[in-house]
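Working notes, structure below.
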Amino acid sequence: MDSDVILIIVVATALAFDFTNGFHDTANVVATSISTRAMAPRIAVGYAALLNFFGAFLSLEVAATIANGIVDADLITPLIVFAGLIGAIAWNLVTWYFGLPSSSSHALIGGVVGAALAAAGPDAIISDGLLGKVVIPALLAPTLAFAVAGLSILVVYRIVGRLHPGPVTRGFKVGQVISGGLLALAHGTNDAQKTMGIITLALISSGHLGAGSDPPLWVIASAASAIALGTYFGGWRIIKTMGSRIIKMDAAQGFAAQGSGAAVILAATHAGFPLSTTHTISGAVMGAGAAKRFSAVRWGVAGNIVVAWILTLPAAAAIGALTYGITRIFGEGATGPIVVSSVLIGLIVWTFARRLRQGSPITAAEGA
Amino acid sequence: MTPVAEIVSVSDLLNVVWTAFLAGIGVCMIFSFAIVGFARGTDARREKAGGAAVAYFALMAVALTAVMGAVVFAVVVMTSK
């Protein structure tokens, strides 16, 4: 009975994380389209939400990596998965509060690794998988996106440089609808799978699925719905950072950043690397800006973002480990997860209320 | 200590790198040609240069078809995994 209650709490928490993932990462998908006025803010987030939903059904490669490639599924319990999810949600809320586009993927992986370390020691971690599938792609993704977007915008300027700016801007705004759509599809494909992988891990650890199983259809559909809903409710704080605080973009730069980001994410997803869409699109935005004029990028803001990236894995791991410790004070039953979930819900309400009192940093009217 | 080359599939990583460069730069370049076709085609039509306008609009159509083909290919590649 207790184990079923824990599993239900874990699935609900995973879907809550998926919602925060969509909410937190909306900016990755729509910020450039909004800042160049290629799309109205509400239309942009609605469009992204829809494509996030469909994208989640496209592939299961990353879900398999999360479920079987980073921690030893045989040593993982639903309580560990729960604690890892709390670590990820908590870190997502902290970075949202400060408007920093950090990686939801790394928060999730960090949280689960931290909780697994606290519960079962280093044996629970597949260090080769963590290094090969997470750490190295984490270093590669923003660098690659920076280079691809930088070269792309140079090629674009070379081709359209002598044309009148009016039709060029209009043309690239249309192009941003296409590249933004592809990015949203890639985001849904890459990020929704992480939640699918985590729920699958919980189902394996509770004995409801066999080791190495793919996510069942209800897991895929619910993860797709949660990330799409989160995307629709959009995190405007991070949209502002991504859309205008790193660099003021023109439509061509927006198109190059989105197109290059989508290319990197799709290529990596195809190879089964669960890379961060946030790192990728941030790298692409910086690359598209720096290639035009190096000083156009606000490197102070970019530096803060990089610090948040570096802190994400260890911070989420620490929160995950701490949450596991607190949960175990109440034993192995459902009491611990119920208490921790209640505290987290209280914290979320308090954080939102505090932020609402301070006012939204960007409104739909501003972005339009 | 396990060598990095044994932990990470170098060939997979290299595939990601070249595919990303090819797709990212390729799509941006081809879409730029579509814009060139549209802008120059519009100018040519305004100047009553019918032949040039047709050629530029054909360039736009071919480039847009190639971009849409790349988008469809990306989706097909994803669904094939």
Side-chain angles (χ1 to χ4, degrees), chain A residues 55 57-61 127-133 135-137 140-141 144-145 147-149 151-153 155-160 162-164 166-168 170-172 174-175 178-179 181-182 185-186 189 252 255-256 259-273 275 284, chain B residues 1-47 56-57 59-60 63-81:
Chain A
F57 288 88
L58 290 185
S59 168
L60 293 175
E61 194 73 6
S127 53
D128 289 1
L130 187 63
L131 188 62
K133 293 284 188 182
V135 177
I136 291 174
L140 178 77
L144 181 59
V148 175
L151 281 174
S152 296
I153 194 65
V155 169
V156 166
Y157 283 148
R158 185 96 188 154
I159 296 170
V160 302
R162 291 184 180 182
L163 300 175
H164 299 298
V168 172
R170 279 197 302 277
F172 279 117
V174 173
I178 301 167
S179 61
L182 197 59
L185 205 63
T189 304
F255 176 77
S260 306
V264 173
I265 294 165
L266 286 169
T269 306
H270 185 62
F273 292 119
L275 94 176
Chain B
M1 193 75 178
T2 318
V4 172
E6 285 179 24
I7 295 169
V8 66
S9 166
V10 175
S11 65
D12 278 356
L13 273 184
L14 287 177
N15 272 337
V16 171
V17 171
W18 80 257
T19 311
F21 269 103
L22 184 72
I25 296 173
V27 167
C28 287
M29 187 172 75
I30 295 168
F31 192 79
S32 300
F33 282 123
I35 290 176
V36 169
F38 173 73
R40 296 266 190 238
T42 307
D43 287 347
R45 194 172 56 188
R46 198 178 301 124
E47 289 159 12
Y56 278 121
F57 283 128
L59 171 68
M60 181 186 79
L64 283 181
T65 307
V67 169
M68 293 318 291
V71 171
V72 171
F73 179 72
V75 175
V76 170
V77 166
M78 295 307 308
T79 51
S80 68
K81 283 300 256 189

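Just so you know, these numbers use all the heavy atoms, side chains as well, and skip hydrogens, waters and symmetry mates. So that the names make sense, note that chain A is the first sequence line, chain B the second, and so on, each numbered from 1. None of these values were measured; they are calculated from a predicted model.
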Do you know the tightest heavy-atom contact between [X] and [Y]?
| X | Y | answer |
| --- | --- | --- |
| B:Val16 | A:Ala267 | CG2-O, 3.7 Å |
| B:Cys28 | A:Phe255 | CA-CE2, 3.7 Å |
| A:Leu140 | B:Val17 | CD1-CG2, 4.1 Å |

Which pairs would a plain distance check flag for residues 259-266 of chain A, meaning a side-chain donor or acceptor within less than 3.5 Å of a matching protein atom at least two apart in sequence or in another chain?
unit_1   : atom_1 : unit_2   : atom_2 : d
A:Ser260 : OG     : A:Ser152 : OG     : 3.4
A:Ser260 : OG     : A:Ala256 : O      : 2.6

Interchain contact, B:Asp12 with chain A, by part (heavy-atom threshold 4.5 Å)
both

Look at atom OH of B:Tyr56 and say whether more than 12 heavy atoms of other residues, nucleotides or ligands are closer to it than 6.0 Å.
no

Mind ranking B:Ala23, B:Gly26, B:Gly24 by heavy-atom pairs under 4.5 Å with chain A and telling me who comes out on top?
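Going by pairs under 4.5 Å, I would pick B:Gly24.
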
From B:Phe31 atom CZ to A:Ile178 atom CD1, the distance as rounded to the nearest 0.5 Å
5.0 Å

From CA spacing to verdict: side chain to side chain contact (heavy atoms under 4.5 Å, CB included), A:Ile159, B:Met29:
CA-CA 8 Å; A:Ile159 296 170; B:Met29 187 172 75; 3.5 Å; yes

I'd like to know whether A:Tyr157 forms a side chain to side chain contact (heavy atoms under 4.5 Å, CB included) with B:Ser32, so could you lay out the CA-CA distance, the side-chain angles of the two residues, the decisive distance to 0.1 Å, and finally the verdict.
CA-CA 9 Å; A:Tyr157 283 148; B:Ser32 300; over 6 Å; no

At a heavy-atom separation under 4.5 Å, does A:Ala284 approach chain B through its side chain, its backbone, both, or neither?
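Neither part, no heavy atoms under 4.5 Å.
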
Hey, which of A:Leu185, A:Leu163, A:Val155, A:Val160 has the most heavy atom pairs under 4.5 Å with chain B?
A:Leu163

Flag side-chain contact, heavy atom, 4.5 Å: B:Asp43 against A:His164
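Yes - at least one pair of side-chain heavy atoms lies under 4.5 Å apart.
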
